[in-house]
Amino acid sequence: SLIAGVDGAFTFIGLSNVTGYSYEAVVTFKEVEYSSGIVKFENGETIKSVTVNVYETTTSDAAISISLAHTVIREENNNLSVKEILVFNNTGDRAYIGSSPAGSSGHYTVLKFTLPAGATDLTTSSGLVQSYIVPVTGGFVDTLPVAPGETQVAYTYTIPVTGNSYQYSRLTDYAIGSLDILVQGDAISLTGNKFTAAGPLDMGGTAYNYYQSAGFTAGENITFNLSGLSVTTATNKSFTWIVIMISMIVVGGLLAILIIQSRKKSHTKNGETPLDD
C-alpha cells in the first residue's frame, strides 16, 4: 500500500525484503520521468529511503556538452569496430527536453549523434534506451530528457574498409572537453592534427595504442588517419589461396593429360593400337 505524507514524501508498505527482489520508484513531473534507480533490501533490512529529484525543464541545449569522450577501435572481420563512450554534462539547473521533432516519432530530439559516413550495425548500450532512439540521416538521436549533472552513454558501430588505411571523419554535435582514442593492435597507428600519441597500453593482455586530444568545439569535424590495417593483407591471403587451388586443379588436369598421352605413346611403341577415347 501507499501512504502520502504532507511533506511530499511517499511511503510504500508491505514490500517484500526477500533477497532477489528489487524496486524502482519513478516520478513524472511536467511529462519527464525521474527514477530513483534500483533499490534492494539487503542483510535483513526492512526500511530503505531514496530521494528522487525533479526539475523544471528547458528547450535550450546551451548547458549541454561532453566533458569526456573515449573511442575504442579494433579490426573485426575486415571491418573496423568502433565503440564510443561519452560523458554528457548538463551544467544547468533544468532538465533539457529538446525543441525540434525527432522525425515522425512524436518525440523531441534531445541528444544528437552523428556517425562517420558508411557506418552500419549500430548497437546502443549503457545510458541509451532503445525505445527512445530514433534513426536519422547521418546518425541517430536520443529523445530521453537530460537532467542536470552527468549522463554517460555508449554505443558501437561498424565501418567497412577496403585497404590498409582509413580516413576517419565525423561531426561532433557538442563541445568535447577531452577525447581519448584506444586503437587495438600495436601495428596500427593513428595520425591527426589534434591528436598526440600517449604511449602503448596493455589492458588485460591486449595491446593498444593510446592517443589524446585537447578537445573539440561544437560543430567541428573529428578527423584522423589509421594506417597499418591488415584488411588488404587478409584479403590478399584469401585471394592467394583461391589462385593456388585453381592452379592445383589446372596443373592436376595437365598432369592427367600428359600421363594419358604418355601411356598412348608407350602402347604404340609396343605395337599395340591405342584405343580411341
When you look at Glu75 and Ser230, which way does the side-chain hydrogen bond (donor to acceptor under 3.5 Å, both in side chains) test go after all the steps? CA-CA 8 Å; Glu75 288 189 277; Ser230 61; 3.2 Å; yes
- Chi angles and distances behind the side-chain contact (heavy atoms from CB on, under 4.5 Å) call for Leu201, Leu182: CA-CA 9 Å; Leu201 286 179; Leu182 291 171; 3.7 Å; yes
Passes side-chain contact (heavy atoms from CB on, under 4.5 Å), Asp180 versus Tyr210? Steps please.
CA-CA 7 Å; Asp180 300 332; Tyr210 178 43; 3.4 Å; yes
Verdict with supporting geometry, Lys48 and Glu42, salt bridge (Lys or Arg N to Asp or Glu O under 4.0 Å): CA-CA 10 Å; Lys48 298 286 286 189; Glu42 299 175 336; 5.6 Å; no
Next item on the list: Walk me through it: do Thr162 and Asn78 pass the test side-chain contact (heavy atoms from CB on, under 4.5 Å)?
Entry: CA-CA 8 Å; Thr162 57; Asn78 287 346; over 6 Å; no
Exercise for review: Take Thr223 and Gln167 through the side-chain contact (heavy atoms from CB on, under 4.5 Å) test and state the conclusion after the steps.
Suggested key: CA-CA 7 Å; Thr223 59; Gln167 183 72 36; 4.1 Å; yes
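Counted within 6.0 Å of CD on Glu31, heavy atoms from surrounding residues, nucleotides or ligands total 12 or fewer; the atom is thus considered open. Remark: Phe41 CZ is packed, more than 12 non-hydrogen atoms of other residues, nucleotides or ligands lying under 6.0 Å away. Other residues, nucleotides and ligands contribute only 12 or fewer heavy atoms inside 6.0 Å of the CG atom of Asn77. The neighbour count for Ile38 CD1, taken as heavy atoms of other residues, nucleotides or ligands under 6.0 Å away, is above 12. The environment of Asp186 atom CG is sparse: at most 12 non-hydrogen atoms of other residues, nucleotides or ligands sit within 6.0 angstrom. Within 6.0 Å of NZ on Lys194 lie more than 12 heavy atoms contributed by other residues, nucleotides or ligands.
The CG atom of Leu122 sits 8.0 Å away from atom CD1 of Ile133, with the distance rounded to the nearest 0.5 Å. Remark: Asn164 CG to Ile188 CD1 distance equals 10.5 Å, nearest 0.5 Å. To the nearest 0.5 angstrom, Ile222 atom CD1 is 7.0 Å from Thr71 atom OG1. Atom CG of Asp121 and atom OG of Ser81 lie 9.0 Å apart (nearest 0.5 Å). To the nearest 0.5 angstrom, Asn225 atom CG is 11.0 Å from Asn193 atom CG. Distance check, rounded to the nearest 0.5 Å: OG of Ser100 to NZ of Lys112 gives 7.0 Å.
Thr120 is not listed as a side-chain neighbour of Tyr157, based on a closest heavy-atom distance of 4.5 Å or more. Thr51 places a side-chain heavy atom less than 4.5 Å from the side chain of Asn53. Between Ile64 and Leu111 there is a side-chain heavy-atom pair separated by less than 4.5 Å. By the 4.5 Å heavy-atom criterion applied to side chains, Thr172 and Thr114 are not counted as neighbours. Pro148 places none of its side-chain heavy atoms less than 4.5 Å from the side chain of Arg94. Contact of the Tyr34 side chain with the Tyr55 side chain is registered, since non-hydrogen atoms from C-beta on lie closer than 4.5 Å. Counting heavy atoms from C-beta outward, Lys30 and Glu56 have side chains that approach closer than 4.5 Å.
In terms of heavy-atom proximity, Tyr96 sits nearest to Thr109 at OH-O, 4.0 Å. Scanning both residues, Leu86 and Ala69, for their nearest heavy atoms gives CD2-CB, 3.6 Å. Looking at every heavy atom in both residues, Pro160 comes nearest to Gly118 through CD-O, 3.4 Å. Closest heavy-atom contact between Ala102 and Thr143: CB-CG2, 3.7 Å. The two atoms that bring Tyr174 and Asp61 nearest to each other are CE2-OD2, 4.2 Å, heavy atoms only. The shortest non-hydrogen separation linking Ala154 to Lys83 is CB-CE, 4.3 Å.
No continuous path of ILVMFWY side-chain contacts below 4.5 Å connects Ile73 to Leu171, so the two sit in separate hydrophobic clusters. Hydrophobic clustering of Ile, Leu, Val, Met, Phe, Trp and Tyr side chains at less than 4.5 Å, counting indirect connections, unites Val32 with Val27. Taken together through direct or relayed side-chain contacts under 4.5 Å among Ile, Leu, Val, Met, Phe, Trp and Tyr, Tyr166 and Tyr208 form parts of separate hydrophobic clusters. Follow the hydrophobic side-chain contacts under 4.5 Å out from Tyr155 and you reach Val82 in the same cluster. Phe216 and Ile66 fall within a single hydrophobic cluster, where Ile, Leu, Val, Met, Phe, Trp and Tyr side chains are chained together by heavy-atom contacts under 4.5 Å.
The side chain to side chain contact (heavy atoms under 4.5 Å, CB included) test with Asp142 is passed by exactly one of Leu128, Val110, Val134: Leu128.
Using a distance-only test at 3.5 Å, with no hydrogens or angles considered, no donor-acceptor pair links the side chain of Thr57 to the main chain of Ile97. Panel note: side chain Ser213, backbone Leu179; a donor-acceptor pair is recorded below 3.5 Å. Remark: side-chain polar atoms of Ser36 are paired, donor with acceptor, to backbone N or O of Ala25 under 3.5 angstrom. Not a single donor-acceptor pair under 3.5 Å links the side chain of Ser65 to the backbone N or O of Ser67. Within the 3.5 Å criterion, the main-chain N or O of Phe195 finds no donor-acceptor partner in the side chain of Gln212.
Here the two rings, on Phe224 and Tyr168, have centers that are under 6.0 Å apart. In this structure, Phe88 has its ring center under 6.0 Å from that of Phe113.
Screening residues 16-28 for side chain to side chain donor-acceptor pair (under 3.5 Å) gives Glu24-Ser35 as the qualifying pairs, with residues at least two apart or on separate chains.
A salt bridge between Glu84 and Arg170 is present, with a side-chain N of the basic residue lying under 4.0 Å from a carboxylate O of the acidic one.
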